[in-house]
Asker: 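The structure under discussion is supplied below as structure tokens; questions concerning it will follow.
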Amino acid sequence: MSMDHALACASSLVPCQEVVEEPLLNSLLSIKQGLNMFIIEDKGGAIAIMCASLFFLGTWPAVLTLLERRGRLPQHTYLDYSITNLLAAVLIALTFGQLGDAKHNMPNFFTQLSQDNWPSVMFAMAGGVVLSVGNLSTQYAWAYVGLSVTEVISSSMVVVIGTTLNYFLDNRINKAEILFTGVACFLVAVILGSAVHASNAADNEKKLSESTNTYKLGTDGGTERGKQVIDKDAPKDMENGASAECDTKAEAGTAEYLIELEERRSIKVFGSSTFIGLGIVFFSGVCFSLFSPAINLATNDQWHTLKDGVPHLVVYTAFFYFSISCFVVGIGLNILFLYRPMAGVPKSSFKAYLNDWEGRQWALLAGFLCGFGNGFQFMGGQAAGYAAADAVQALPLVSTFWGILLFGEYRKSSKKTYTLLVFMLLMFIAAVATLMASAGHRSTK
């Protein structure tokens, strides 16, 4: 500042304040103008948020599987999971969907709640219903088939069915020749995943048949150690979920380990048909294939169900309604399963659920991971196309990592099983890469 300017400021306070405050006011004004609803509109941002979704969606199944293997009832776990799954959607709606000024044809969250957009709301809620049923099915599929194979088969079915539907709903904004090459790779991954499970199941049967007399499978679904029968419904150790009579720590991959795991876990699978597990997996895969196209219809109204002048549902509002229906179905079915359980799971009660604090923090964490994972997937899909967003179905790569690291899956298996597993994962990586490469850009005009 020059001497003349300083003297001018000293002689007149108000002009000096205007000189000093004008840049600050301009900065505040520009900040206010920049506080718009957070919408991802570029391909790079979409891919980044889909990678975060991939990690979250690949991790939460491992958390629930860990609890089931420790003996916690799946009904208790899913009730806890449902609470934080809904809470994640509420947090996303109140932050990304509400803070800042609305954009053109993109009202804020609270504004949309009062609009006449019920056709789109119903699509979003239908998506939540099929996702909830699919998630509920996979709880039991993980026990029958294993975490890795369950995620590979169900996720691959999502890509084969759901991605095809999304491609046409998105008005072909993705590169078809690349997209459907990835879909074909996922289809091959389904076949390889089934082969891995069949080979691993054969390996486990061989281990059990060759085990010593110290461990053998009982005829009533329990296990026998020598002449002493260990009841499958024996009380659980509250620290690690193990049966109180089972104090041996067997090496992962051995017959002893498989039997001890059967004693601890809440879902008994010994003696069950392989087709039961695969049947549950394929059913859940069909359910998972439909929830993303439902959100696509809810946010983009391709079937023109909204009245003229009514804005499309913003992805955050659609995800909120989606999660509401997911919560209602999940809570309702699991309260029913407390008193009428499936798959040989013991009966329980709502009072027993409220008093069951073992592992509750992990179940609540799983709900947050799944909620934010789904929300990020939808945010990426709205920007780059829901077909490309199905690349987050690479989650079996994450789940398989956790399955091998935490649960000892495929330990001491045959060379055939290892070979099939490697080819399955390589095919999966190739499929995800091609799906990401097909990403397009949705016009916001």
Asker: Do the side chains of V129 and C326 get nearer than 4.5 Å, heavy atoms only?
Answerer: no
Asker: Does CZ in F368 sit with more than 12 non-hydrogen atoms of other residues, nucleotides or ligands closer than 6.0 Å?
Answerer: yes
Asker: Within this structure, what is the CD1-OG1 distance for the pair I267 and T65, rounded to the nearest 0.5 Å?
Answerer: 9.0 Å
Asker: Which distance, rounded to the nearest 0.5 Å, do you find between the CG of L369 and the OG1 of T84?
Answerer: 8.5 Å
Asker: If you look only at pairs with a residue in residues 118-135, which of them pass as a side chain to side chain donor-acceptor pair (under 3.5 Å), with sequence neighbours excluded?
Answerer: Y81-N135
Asker: Quick one: do D203 and R411 make a salt bridge, cutoff under 4.0 Å?
Answerer: no
Asker: Between F378 and F322, what is the ring plane arrangement, given parallel below 30°, perpendicular above 60°, and tilted in between?
Answerer: perpendicular
Asker: With a 4.5 Å limit on heavy-atom distance, are the side chains of R265 and R70 in contact?
Answerer: no
Asker: Without hydrogens or angle criteria, can the side chains of Y316 and T95 be said to hold a donor-acceptor pair below 3.5 Å?
Answerer: no
Asker: Just by distance, with hydrogens left out, do S53 and Q377 show a side-chain donor and acceptor under 3.5 Å apart?
Answerer: no
Asker: Could you list the donor-acceptor pairs under 3.5 angstrom formed by side chains in residues 327-343, with sequence neighbours left out?
Answerer:
unit_1: N334; atom_1: ND2; unit_2: G330; atom_2: O; d: 2.8
unit_1: Y339; atom_1: OH; unit_2: F350; atom_2: N; d: 3.2

Asker: Does any non-hydrogen side-chain atom of F288 lie less than 4.5 Å from one of T138?
Answerer: yes
Asker: Roughly how far, to the nearest 0.5 Å, is the OG atom of S414 from the CG atom of N200?
Answerer: 8.0 Å
Asker: Drop me the distance from L64's CG to T59's OG1, to the nearest 0.5 angstrom.
Answerer: 11.5 Å
Asker: Is the W303 ring parallel, tilted or perpendicular to the F123 ring (thresholds 30°, 60°)?
Answerer: perpendicular
Asker: Report yes or no: do N300 and Q382 form a side-chain donor-acceptor pair below 3.5 Å?
Answerer: yes
